[in-house]
Amino acid sequence: MWVMSSARPSNRFRYVPPAGSRRLRLTVTWDGAAYAGWQSQPSLPNVQDTLQRAFLPLSPDVFRPVAAGRTDAGVHAEAMPVHVDVPAGFGVPLPKLARALNAFLPSTLAVLDAGAAPPGFHARFSCNERRYVYRLLCAPQRHPLWEGRALHRFGPLDVAAMNAAAAALTGTHDFAAFATQEDRQTVRELRTLQVVPVGEIWEIHVVGESFLRHMVRGLVGTLLLVGAGRLKAGAVGDILASGQRGQAGANVPAHGLYFSGASYGEISSGTVESGRVEEAMGRNT
């Protein structure tokens, strides 16, 4: 439910929980290999239903959780903001709520922190920035400890060419050429696209307010073609202008992709931020 906020411009909304309930904010992390994505799906393991079931021993009247983003099957989350509406008389002390929920969650899913949501907070619709990281294991041999956590690449990659292509893609564009089966409007603002090589683990950072279906994986797949010398960095502008999905690189596998955090700006009296796992645990963001 949402209502207009008299204290904000006309294009801003404040969201309120249903009557008789209050809204909580959680930061959640999970191993994407265990789930068919965030969204509730009949007969398939998913994060949304698994998290809601953990609330049931604490309160049978909890509403379905809402996340900042709807990740696909196999995609991991380091720090996903979630809100959930509980009865006004919900009895678990908030400082103890994360531990209480984790007692009922599988090892593949955990709540990092929990608290009262700021007034007007909605995990999805209030979010003004979403951050992803795609990880590559750039090494001659595969590594068991990175299996299912990073895409193994054993050939050389030209990081300068990849970042040149990334710079050409940054900004507000029609990203239809990088989306899969998308029926929404396809213009998006890509705020950051950067390849950061650190030893054998390379990270591709992707930041924007919102993304199209499989857009991040299509962008990474295209950058890998550039890095391998199979596509010129200057060609990505033509791919972007074409709007044709077949001209861009293939979607990379989901197991290298992580939802790494989100930003909300000022919501009522404070700023709500969700960061990387280490930030969420160390600085309560």
Side-chain angles (χ1 to χ4, degrees), residues 1-3 5 7-8 12-31 35 37-40 46-71 76-131 259-285:
M1 178 179 180
W2 55 264
V3 296
S5 168
R8 296 208 172 266
R12 300 287 289 185
F13 297 96
R14 293 186 66 212
Y15 297 87
V16 297
S21 63
R22 58 188 174 119
R23 181 155 294 175
L24 306 181
R25 180 194 57 78
L26 314 176
T27 304
V28 182
T29 181
W30 64 82
D31 177 353
Y35 301 101
W38 161 266
Q39 192 74 11
S40 175
N46 62 84
V47 179
Q48 190 174 36
D49 290 343
T50 304
L51 183 59
Q52 185 175 18
R53 284 195 297 270
F55 268 97
L56 297 181
L58 309 177
S59 173
D61 298 320
V62 67
F63 285 78
R64 180 172 289 179
V66 176
R70 299 178 180 180
T71 57
H76 312 291
E78 293 181 334
M80 176 68 77
V82 172
H83 83 245
V84 61
D85 296 325
V86 298
F90 184 71
V92 180
L94 295 187
K96 298 181 179 180
L97 180 55
R99 183 176 292 274
L101 289 169
N102 289 336
F104 296 103
L105 288 171
S107 61
T108 52
L109 173 62
V111 176
L112 299 177
D113 59 52
F121 177 77
H122 190 288
R124 181 183 176 194
F125 296 131
S126 301
C127 186
N128 58 27
E129 184 172 277
R130 294 165 175 86
R131 299 185 289 277
F259 184 100
S260 60
S263 298
Y264 291 83
E266 292 186 1
I267 297 179
S268 188
S269 60
T271 298
V272 179
E273 292 280 340
S274 172
R276 302 276 293 275
V277 156
E278 59 270 23
E279 295 171 341
M281 297 180 68
R283 293 194 289 275
N284 197 31
T285 56

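All values derive from a computational prediction rather than experimental measurement.
- Of the N and O atoms on the side chains of Ser40 and Asn46, not one donor lies less than 3.5 Å from an acceptor on the other residue.
- There is no side-chain donor-acceptor pair under 3.5 Å between Tyr35 and Thr50.
- Put simply, CD on Gln48 and CH2 on Trp38 are 5.5 Å apart, with the number rounded to the nearest 0.5 Å.
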Could you go step by step and tell me if Leu112 and Leu26 meet the side chain to side chain contact (heavy atoms under 4.5 Å, CB included) rule? CA-CA 7 Å; Leu112 299 177; Leu26 314 176; over 6 Å; no
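- In this structure, Leu58 CG and Leu97 CG are separated by 7.0 Å, a value rounded to the nearest 0.5 Å.
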Does the pair Val66 and Val84 meet the rule for a side chain to side chain contact (heavy atoms under 4.5 Å, CB included), with working shown? CA-CA 6 Å; Val66 176; Val84 61; over 6 Å; no
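- Note: His122 and Tyr15 have tilted aromatic rings, judged against thresholds of 30 and 60 degrees for the angle between ring planes.
- Side-chain contact between Leu56 and Val62: present, with at least one pair of heavy atoms (C-beta onward) separated by less than 4.5 Å.
- With a 4.5 Å cut-off on side-chain heavy atoms, Leu24 and Val86 count as touching.
- Residues Ser260 and Ala79 come closest through the heavy atom pair O-CB, 4.1 Å.
- Contact of the Ser59 side chain with the Pro87 side chain is registered, since non-hydrogen atoms from C-beta on lie closer than 4.5 Å.
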Determine, step by step, whether Val28 and Leu51 satisfy the side chain to side chain contact (heavy atoms under 4.5 Å, CB included) criterion, reporting the C-alpha distance in whole Å, the side-chain angles of both residues, the deciding distance to 0.1 Å, and the verdict. CA-CA 9 Å; Val28 182; Leu51 183 59; 4.2 Å; yes
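- In this structure, CZ in Phe63 is found 13.0 Å from CZ in Phe55, a value given to the nearest 0.5 Å.
- For the side-chain contact (heavy atoms from CB on, under 4.5 Å) test with Trp30, the passing option among Met80, His76, Glu78 is Met80; the others fail.
- You'll find the side chain of Asn102 stays beyond 4.5 Å of the side chain of Phe104, heavy atoms only.
- Considering NE2 of His83 and OG of Ser126, their distance stands at 8.5 Å, rounded to 0.5 Å.
- Between Arg25 and Asp113 there is a salt bridge, since at least one side-chain N of the basic residue sits less than 4.0 Å from a carboxylate O of the acidic one.
- Side-chain atoms of Ser263 and Arg131 form a donor-acceptor pair, as typed in the model, at a separation below 3.5 Å.
- Side-chain contact between Pro18 and Asp85 is present, with heavy atoms from C-beta onward closer than 4.5 Å.
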Could you go step by step and tell me if Arg70 and Arg124 meet the side chain to side chain contact (heavy atoms under 4.5 Å, CB included) rule? CA-CA 9 Å; Arg70 299 178 180 180; Arg124 181 183 176 194; 2.7 Å; yes
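- Between Phe121 and Tyr264, the ring centre distance stays below 6.0 Å.
- For the residue pair Glu129 and Cys127, the shortest heavy atom distance occurs at O-SG, 3.2 Å.
- Here the closest heavy-atom approach between residue Ala114 and residue Ala98 is recorded as CB-N, 4.2 Å.
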